[in-house]
Asks: 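Mind having a look at this structure? Questions to follow.
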Amino acid sequence: MTFLLEKSTKAFAEAKEYIPGGVNSPVRSFRSVGGTPPFIASAHGSKLKDIDNNEYIDYVLSWGPCILGHSHEKVTAALQQAVMQGTSYGAPTILETKVSKLIREIMPAIERVRMVNSGTEATMSALRLARAYTKRTKIVKFAGCYHGHHDSLLVTAGSGAATFGVPDSPGVPDSIATTTLTVPYNDAAALERLFAKQGEEIAAVIIEPVAGNMGLVLPKKGYLAQVRKITAQYGALLIFDEVMSGFRCAFHGAQDLYNIQPDLTCLGKVIGGGLPVGAYGGKAEIMELISPAGPVYQAGTLSGNPLAMTAGYVTLTLLKEQAEAYYAFLTKQTEKLTRGMKAAAEAFDLHYQYHHVGSMFSMFFNGADVVDYETAKQSDVEAFRVYFHAMLSQGIYLAPSQFECAFMSLAHNDADIEQTIAASKNAFREVYEFNKMR
Ligand SMILES: *Cc1c(COP(=O)(O)O)cnc(C)c1O
């Protein structure tokens, strides 16, 4: 089978005439790996099909949400029924309470939850709430953690010691960026030093408890407990951004896996079962400040949308029914795949790090341990580019960047995994040849 992207190439050129960069979210454009992104026609189970009729085993899964696999029959059946009842009312429904109840059962730290339409909205609203609750202004984030694209959090800042935020994008006012302080991930001493200096001004620390947006980076043993301790000591709120890790690293999220109680949690991705959604929640005492229960304003025309709630409810219900078996399966399949790929890489003597937890995994072309953004950035992005295209042309769809996490679904079977390992052997050979040439 030859791999051609003829129709996608045309579609991409035309899209650029109407949409900035041809895409509605930047990383889809393949900018960091070059080439043409396949335009997708359909998706079922573990597979994507593009408009040139190429088929791929999908490890992006819409960047995480599709944990049951694409177009799961129970989700699509429920959506078909829901759509016949009207697609939005802008008025309360029983389903919203059912979803919220389910979320609280799964994550008991979430006593009250507010639905929004994206992860970005969730973290943005959580920050406003934290500032209102603590009557403080400053926010701490960690370099390499992504929490959406709103002004306060579009800040990575430099390495080393805590710095004032430097915006990652033009258009973010310095006056906002400077209220965001950045420290390295996995470095409790750096956080401690920052709090010793400015602790009284800090409203909240927001963290990906399992970091998935610099590639997958796991928290060191005891690190999250130290973050919890420091925030509590200074009266700052701890916000877990589990938009990606929730229902992914473990059914009950990183907060259960590492046994830490955050004050607020942000969710998204899986809770929408593939429809646009986000949510933030936490202690009732804090959440009751949200309008109309309290004075902190936050609203949304389509928030709690019946279609998104339907897909989310069915997805979470299915996961809950057999949580133990499903998460054991996801972990087992992820381990099988990472073991196989690691063996394939070792055969070519490549510098390679593999991280995985639950249904999340990442591979870094890196000889050293990856523990934070600085070490992640040392990865060989040129090797990744060669690897990525070699995989794509063999029908394996990975995220088009070294700094993204990959995902397993319940629809990925042993044949998918074997095919991926076999493709990896060829791809690593190409990287090996590429390394010899440069
Ligand atoms: C994806 C993601 C977001 C942003 O969610 P959107 O729905 O894309 O706005 C926020 N935080 C984390 C950890 C994410 O992975």
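Residue indices begin at 1 and follow the sequence shown. Each ligand, and each atom within it, is numbered from 1 in the order the structure gives. No experiment lies behind these values; they were computed from the predicted model shown.
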Asks: So which heavy atom in the protein is nearest atom 5 (O) of ligand 1, and how far is it from that ligand atom?
Replies: G119 CA, 3.2 Å
Asks: Going by the rule side chain to side chain donor-acceptor pair (under 3.5 Å), which residues pair with D58 if we only count those two or more places apart in sequence or in a different chain?
Replies: H70
Asks: If the condition is side chain to side chain donor-acceptor pair (under 3.5 Å), which residues does H351 pass it with, not counting sequence neighbours?
Replies: none
Asks: Counting heavy atoms not belonging to K336, are there more than 12 under 6.0 Å from its NZ?
Replies: yes
Asks: Heavy atoms only, cut-off 4.0 Å: how does N213 contact ligand 1, side chain, backbone, both, or neither?
Replies: side chain
Asks: Which of the numbered atoms in ligand 1 are under 4.0 angstrom from any heavy atom belonging to E208?
Replies: 13 (C)
Asks: Is it the case that over 12 heavy atoms from other parts of the model lie below 6.0 angstrom from the NE2 atom of H149?
Replies: no
Asks: Run the contact test for E242 against ligand 1 with a 4.0 Å cut-off on heavy atoms, strictly below, and give the result.
Replies: no
Asks: Looking only at protein heavy atoms, which one is nearest to atom 15 (O) of ligand 1, and what is the separation?
Replies: K269 NZ, 2.6 Å
Asks: Counting each atom of ligand 1 from 1 as listed, which ones have a heavy atom of M244 under 4.0 Å away?
Replies: 15 (O)
Asks: State which residue, out of F388, F39, F12, fulfils the ring-ring contact (aromatic ring centres under 6.0 Å, His included) condition with F30.
Replies: F388
Asks: Could you tell me whether R112 and E288 make a salt bridge, using a distance below 4.0 angstrom between a side-chain N and a carboxylate O?
Replies: yes
Asks: For Y18, does the six-membered ring have the charged nitrogen or CZ of K16 within the cation-pi criterion, i.e. under 6.0 angstrom from the centroid and within 45° of the normal?
Replies: no
Asks: By number and element, which atoms of ligand 1 are closer than 4.0 Å to a non-hydrogen atom of S118?
Replies: 7 (O), 9 (O)
Asks: Does ligand 1 have an atom that lies less than 4.0 angstrom from a heavy atom of T123?
Replies: no
Asks: For atom 11 (N) of ligand 1, find the nearest protein heavy atom and state the residue, atom name and distance (0.1 Å precision).
Replies: D241 OD2, 2.6 Å
Asks: Using non-hydrogen atoms of the residue, decide whether G148 is closer than 4.0 angstrom to ligand 1.
Replies: yes
Asks: Hey, which atoms in ligand 1 end up nearer than 4.0 Å to a heavy atom of Y146?
Replies: 11 (N), 12 (C), 13 (C)
Asks: Indicate yes or no: does R136 engage E201 in a salt bridge with an N to O separation below 4.0 Å.
Replies: no
Asks: May I ask you to check whether T338 and E335 show a side-chain donor-acceptor distance below 3.5 Å?
Replies: no
Asks: At what distance is the nearest protein heavy atom to atom 3 (C) of ligand 1, and which residue and atom is it?
Replies: V243 CG1, 3.7 Å
Asks: Starting from atom 8 (O) of ligand 1, what is the nearest protein heavy atom, named by residue and atom, and what distance separates them?
Replies: T120 OG1, 4.5 Å
Asks: Just which atoms of ligand 1 are under 4.0 Å from any heavy atom in H147?
Replies: 10 (C), 11 (N)
